[in-house]
Amino acid sequence: MTRWSILALPAALAAQVTLGGSHTGFVFDELRHEIRPVIGEPGAAYLGAAVVLPFRPEQVWIRNGGAAAIAIAKNEEGAAEAWRIGGLKSGALETVRLASAESAWVSTDGNLALLASEGHVRLVSGSIVGDPVPRDSLPGPLGAVAFQPEPECAILATANEEHTAIVHLCAGAPAEPRVERYLEPTVPTAMTRAFGVLWIADRASSRLLRVGESVDTAAEGLDDAAGIQAVSRSELAIAHRGGIAVVDTANGSAASIDLPLTPDRLEYLAPGRILVCNRLREDPVLVIDLEQNRETFFIPLPGGTR
């Protein structure tokens, strides 16, 4: 028995949700430092055998149902390095060492990544690693990152007491960060570019900001937002301390999905459809179907929780 009684939910809760194939996506088991495929349908879904890697991953960001992933692992000297993992979906596994890094942000399609270490950041396009950019050359401490595909750029939100700066770091000039604009001071915790504008979750005001020609409030009451994802032609899902907020950016309406936990990560399990809302620790995987009926279901850890 785990600490969540909701684990005893009847199968009917998720009966209408279909994962759509033997391998739907992949998740990272932080307890066991393993990447595992999700197999089967809700009520009977389980995690398959761990993917065999030439390193022990400490952090993993899986994108596009497993088409691409970025992992952080320690080398023999104990230094943290980033790796690009390809072929999870096809079974033709490829791993490429990228550069030293302690953390990363990765685009939805997995093609772009921003690697961060204590002293610098690097933009990665595919397996091409850009030159290091000193963190002290940025207008302030790094708060959140988003990506745009054309041109290939990472969008950085840096914040200090005076202002929040929106900085572009692009593949065409990977060592030349460019300040695009300054905003009033915020504490950005999550950010994405969707529907032609930039969306920033501001911890200081618990708001979602729409940054286009002007800066507007798109939603309020978002305490400690941990992630933003576009989930339809006009909807955004924001994970925060209160659960999941689904904001329709076309008409400004918002709906809330209560969760039995405080989410600290928000990612697609299957592109455009299933969201994984918590990191694997001592608990099972929590999944929400946002495309169909917004039901929740759990996938248990192999061998039970620890």
Side-chain angles (χ1 to χ4, degrees), residues 1-9 13-14 17 25-33 36 38 42 45 47 58-63 72 103-106 108 141-146 157 159 186-192 199-209 217-231 235-247 254-270 273-291 293-301 304-306:
M1 178 70 68
T2 74
R3 68 177 184 271
W4 291 337
S5 60
I6 195 167
L7 287 177
L9 285 172
L13 181 65
V17 185
F26 293 78
V27 294
F28 177 51
D29 183 337
E30 291 192 22
L31 278 178
R32 300 160 183 82
H33 298 268
R36 291 178 175 268
V38 175
L47 300 184
E58 300 288 335
Q59 304 174 68
V60 178
W61 296 263
I62 301 169
R63 296 292 185 265
I72 303 291
S103 61
W105 290 263
V106 187
T108 301
L142 181 58
V145 177
T186 65
V187 181
T189 57
M191 183 167 66
T192 191
W199 308 86
I200 301 176
D202 174 24
R203 176 176 290 164
S205 63
S206 300
R207 293 183 298 160
L208 177 67
L209 303 177
T217 297
E220 297 180 306
L222 304 178
D223 295 329
D224 294 327
I228 306 173
Q229 291 280 7
V231 293
E235 286 184 327
L236 293 172
I238 304 101
H240 66 111
R241 192 194 316 169
I244 300 291
V246 181
V247 178
S256 180
I257 302 174
D258 295 330
L259 300 178
L261 54 85
T262 297
D264 58 6
R265 197 163 180 173
L266 180 67
E267 302 207 3
Y268 285 126
L269 175 61
R273 186 158 177 230
I274 306 296
L275 295 171
V276 178
C277 295
N278 71 315
R279 290 187 173 128
L280 279 173
R281 291 183 179 148
E282 298 179 355
D283 310 305
V285 187
L286 172 64
V287 177
I288 301 176
D289 184 344
L290 287 174
E291 187 170 275
N293 50 20
R294 300 183 179 179
E295 298 285 6
T296 62
F297 59 91
F298 287 95
I299 302 173
L301 293 178
T305 58
R306 296 181 183 179

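Two residues are said to be in side-chain contact when any heavy atoms from C-beta on lie closer than 4.5 Å; Q59 and E30 fail this criterion. At a threshold of 4.5 Å between non-hydrogen side-chain atoms, the residues D202 and V187 count as touching. Side-chain contact between L47 and V38: present, with at least one pair of heavy atoms (C-beta onward) separated by less than 4.5 Å. Side-chain atoms of L208 and I228, non-hydrogen and from C-beta on, do get closer than 4.5 Å to each other.
Residues forming a salt bridge (Lys or Arg N to Asp or Glu O under 4.0 Å) with E220 (at least two apart in sequence, or on another chain): none. A search for side-chain contact (heavy atoms from CB on, under 4.5 Å) contacts involving A254 returns V247, not counting sequence neighbours. With sequence neighbours excluded, the residues satisfying side-chain hydrogen bond (donor to acceptor under 3.5 Å, both in side chains) with T186 are T164. R36 pairs by the salt bridge (Lys or Arg N to Asp or Glu O under 4.0 Å) definition with E34, not counting sequence neighbours. When the side-chain hydrogen bond (donor to acceptor under 3.5 Å, both in side chains) test is applied to T108, no partner is found at least two apart in sequence or on another chain. For D224, the salt bridge (Lys or Arg N to Asp or Glu O under 4.0 Å) criterion is met by R203, R241, not counting sequence neighbours.
From H240, atom NE2 reaches atom CG of L266 across 11.0 Å, with rounding to the nearest 0.5 Å. The structure places CZ of R207 at 3.5 Å from OG1 of T217, a figure rounded to the nearest 0.5 Å. Note that the CZ atom of F28 and the CD atom of E58 stand 7.0 Å from one another [nearest 0.5 Å].
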TODO: Mind running side chain to side chain contact (heavy atoms under 4.5 Å, CB included) on L259 and I288 for me, showing each step along the way?
DONE: CA-CA 10 Å; L259 300 178; I288 301 176; 3.5 Å; yes
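Remark: side-chain polar atoms of T189 are paired, donor with acceptor, to backbone N or O of A225 under 3.5 angstrom.
Residues P188 and I200 approach most closely at CB-CG2, 3.7 Å, considering heavy atoms. Between P260 and F298, the closest heavy-atom pair is CG-CZ, 4.1 Å. In terms of heavy atoms, F26 sits closest to L269 at N-CD1, 3.8 Å. Summarising the geometry of W199 relative to A218, their closest heavy-atom pair is CZ3-CB, 3.7 Å, with the distance given to 0.1 Å.
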